[in-house]
Amino acid sequence: MANKGWSQLWLDYEEKQKAAGKACADQETVEVKIDGFNADCRIIKSAVKELKRALAGDAVKVTLAKNEKIAKEGYVVDKNVVSASDCRGALYGVFHLIRARLMGQEYADIAADHAPSNPLRMMNHWDNMDGSIERGYSGRSFFYVNDEIVVDERTVDYARFMASIGINGIVINNVNVKWAATDLITTRFFDKVKELSDVFEDYGIRLYLSLNFASPIELGGLPICDPLDESVINWWKDKIKEVYDHLPNLGGFLVKADSEGRPGPFTYGRTQADGANMLGDIIAPYGGIIIWRCFVYNCTQDWRDTKTDRARAGYDYFKGLDGEYHENVILQIKNGPMDFQIREPISPLLGGLTKTNQMLEVQIAQEYTGHQIDLCYLIPMFKEILGFKTYCKEGADTVADVVSGRTMGNKLAGMAAVINTGNDFNWTGNDLAAANLYGFGRLAYDTDLSAEEIAREWVRLTFNLDAELEDKLVDMLLRSREIYEKYTSPLGIGWMVTPHDHYGPSVDGYEYSRWGTYHRADHLGLGVDRTDKGTGYAQQYYSPNAEMYNDPNTCPENLLLFFHHIPYTWKLKSGQSLIQYIYDSHFEGCKEAEELAETWKEFEGKVSERSFANVSERFGRQVYNAREWRDQVNSYFYRKSGIEDEKGREIY
Ligand code: GCW
């Protein structure tokens, strides 16, 4: 499909057909019978089209059967019969059948019965209308060029990819809504947004917009945007009516308020609930929802202030309002209390809120995890997050339970990812970063899948490798997160990155700044005291998590420096001192990155030339990066501590 100008990712039917020796695949061999569904339903039409393309060359009759007993958006596949109670479910079942065939299963062996774990499975784009992407590492936006919306064949392929992994909601613009993006809710853009929303609807995807909370000022010319002010409320009523007149299928709005300089209710002495509920009430008659982000913290901190703790902020601002949010409002909570670091504890708001709709936000854009240059397969991290036991309730208390709505019976619940795509040929900068794109969708649909199962599916669908190389690639993916962690910031402390850009090391880069992201290293030790004697953050968890984190002897070691200020001479469970651990892990992580690069050489001639070159170039840069990290971190802590490496290695 190279002639298209973009890759077909895991849906490269032609390649698969070629690999299976079906060079001139004929779509006419595929017959589709529709039993009980409306054949005019746009989603069913897409399903039929997809089946014909994907299965071309197979002499097969596929039946799409309506069965009211099947869970919403779920499906049952039995050989060549796909059953579902709704059109989305049928489409997902069709993609299951396609997946099974592409992975080499015979029709006779295909059997599946799935219901989605999460009602909302969303992608958040941080695309700006000038075509740039905040934290984008894969080229420019494919939604916007020079403040105009583009809808073309690539958009259709994008929607197909998202539907194939079960995504049912997409936010098309950056949460930092500035400049032209504020106009997305005006006549200037309605027609184009509608066109895009129609493409999405064909694939069962709802379009959502990020909203500028100050729109009444910026678009309406009002002097304020106080959520309790009558004139502001009336302005929003008119505006939202106008929006729904033009975009009847809009899912709702995502709002970043009072965060990193964005406007919000705090300016007027109002609460986050005041802001969210005002919009929620106005949008409710249209069936829309308000997704309100909890990324609210003081970003003008004085580094000498050791009592203020950014990690505490989300809980401090939102927990007290638990129960006040209206039914069509959902809080979107980042997985950790800080900001998508390579390792963080789980946000105590997840499950900490017991009377509020909540969803999990993760980031597959690799802002702090290697910019899609370094290999970092994130699904193992997401599995840890989902598996975390919050103790918010007897039974059904993991994060997976909470965000699926199971714990508290919420209808609005789910998972969102900050997406890692752009207009690069391969969509994700690094070919291997598509594993995170694929994996997030699959995991959000089925949180029981393992990181390995997902990796294997993706590898098998994307490449045509023999069993040995397939195993090798799966293994590389599975090890990559820990490797990245080893050569970057140790034991949960985070940051140490080049300020603003967030790629490459700068141990003190954020140490004396206003962002609240300190490691607090001195000549005796490092880490942040977040215990009851420190900032008290550990107390935001339920028992026994609170006690576990509070004590350095029971705190999981990979989070030791997040919760405690630890002397360099502290003995870890391995018997190693903290300083020796820092040296060893950095040497080791770097060596392992070099090994990844070395192993990739075996893939020459086994994947396309383009893929081989792309990934080789990335590994080259990863190795360089890993060495930089190793040397900067090790020499920084050697100079600070004055303690020699036991193994006598050269520390620059
Ligand atoms: O981590 C920070 C990023 C910002 C981002 C913000 C957020 C969209 O560095 O680029 O802004 O998080 O999540 O709102």
Side-chain angles (χ1 to χ4, degrees), residues 122-138 141 143-144 170-179 181-182 184 208-214 253-264 266 272 275-276 291-301 310-311 313-314 317-318 331-344 347 349-350 358-372 376 378 381 385 415-422 440 488-489 494-504 506 509-510 513-518:
M122 303 189 59
M123 292 293 188
N124 291 181
H125 282 262
W126 286 358
D127 295 29
N128 299 314
M129 297 205 62
D130 63 0
S132 63
I133 301 177
E134 184 154 347
R135 310 309 176 186
Y137 312 107
S138 318
S141 171
F143 286 145
Y144 313 106
I170 293 177
V171 184
I172 60 164
N173 62 308
N174 189 355
V175 287
N176 289 325
V177 188
K178 297 182 200 164
W179 312 296
T182 304
L184 281 169
Y208 293 75
L209 293 169
S210 290
L211 198 65
N212 184 343
F213 195 77
F253 297 115
L254 172 64
V255 189
K256 171 176 178 175
D258 289 313
S259 170
E260 301 185 327
R262 300 311 299 149
F266 282 167
Q272 298 296 296
I291 306 173
W292 193 268
R293 293 177 88 228
C294 294
F295 190 54
V296 179
Y297 68 98
N298 171 7
C299 64
T300 55
Q301 199 182 323
R310 171 166 163 182
Y317 284 124
F318 287 90
L331 300 189
Q332 185 166 302
I333 304 165
K334 288 192 183 189
N335 61 270
M338 298 296 274
D339 196 5
F340 302 135
Q341 300 303 293
I342 187 66
R343 188 168 305 269
E344 282 185 55
S347 168
L349 264 181
L350 292 161
Q358 53 202 291
M359 69 192 285
L360 172 67
E361 177 180 319
V362 296
Q363 192 187 42
I364 54 176
Q366 288 175 237
E367 174 177 0
Y368 293 97
T369 54
H371 284 203
Q372 290 141 239
C376 194
L378 293 163
M381 182 201 287
I385 295 162
M415 289 170 63
V418 178
I419 200 166
N420 59 354
T421 53
F440 171 77
T488 57
S489 62
W495 273 274
M496 302 191 177
V497 287
T498 308
H500 187 68
D501 181 54
H502 301 168
Y503 186 77
S506 174
Y510 275 116
S513 70
R514 62 188 174 91
W515 296 96
T517 57
Y518 315 112

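Source: prediction; values computed, not measured. In listed order, ligands and their atoms are each counted from 1.
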Nearest heavy-atom neighbours spanning Cys294 and Ile333: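 Shortest heavy-atom contact: SG-CG1, 3.9 Å.
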
Provide the closest heavy-atom pair for Gln358 versus Leu350 in the form atom of the first, atom of the second, distance.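 That closest heavy-atom pairing would be OE1-CA, 3.5 Å.
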
For the rings on Phe213 and Phe253, is their centre-to-centre separation under 6.0 Å?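 Not under 6.0 Å, so no.
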
Protein residues near ligand 1, heavy-atom distance below 4.0 Å?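 Trp126, Glu134, Arg135, Asn174, Val175, Asn176, Lys256, Glu260, Arg293, Phe295, Lys334, Asp339, Glu367, Tyr368, His502.
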
What distance separates Gln366 CD from Phe340 CZ, expressed to the nearest 0.5 Å?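 Between Gln366 CD and Phe340 CZ, I get 13.0 Å after rounding to 0.5 Å.
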
Of Gln341, Gln372, Arg135, Glu134, which meets side-chain contact (heavy atoms from CB on, under 4.5 Å) against Glu367?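 When side-chain contact (heavy atoms from CB on, under 4.5 Å) is applied between Glu367 and each of Gln341, Gln372, Arg135, Glu134, only Arg135 qualifies.
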
Walk me through whether Arg514 and Cys299 qualify under side-chain contact (heavy atoms from CB on, under 4.5 Å). CA-CA 6 Å; Arg514 62 188 174 91; Cys299 64; 3.8 Å; yes

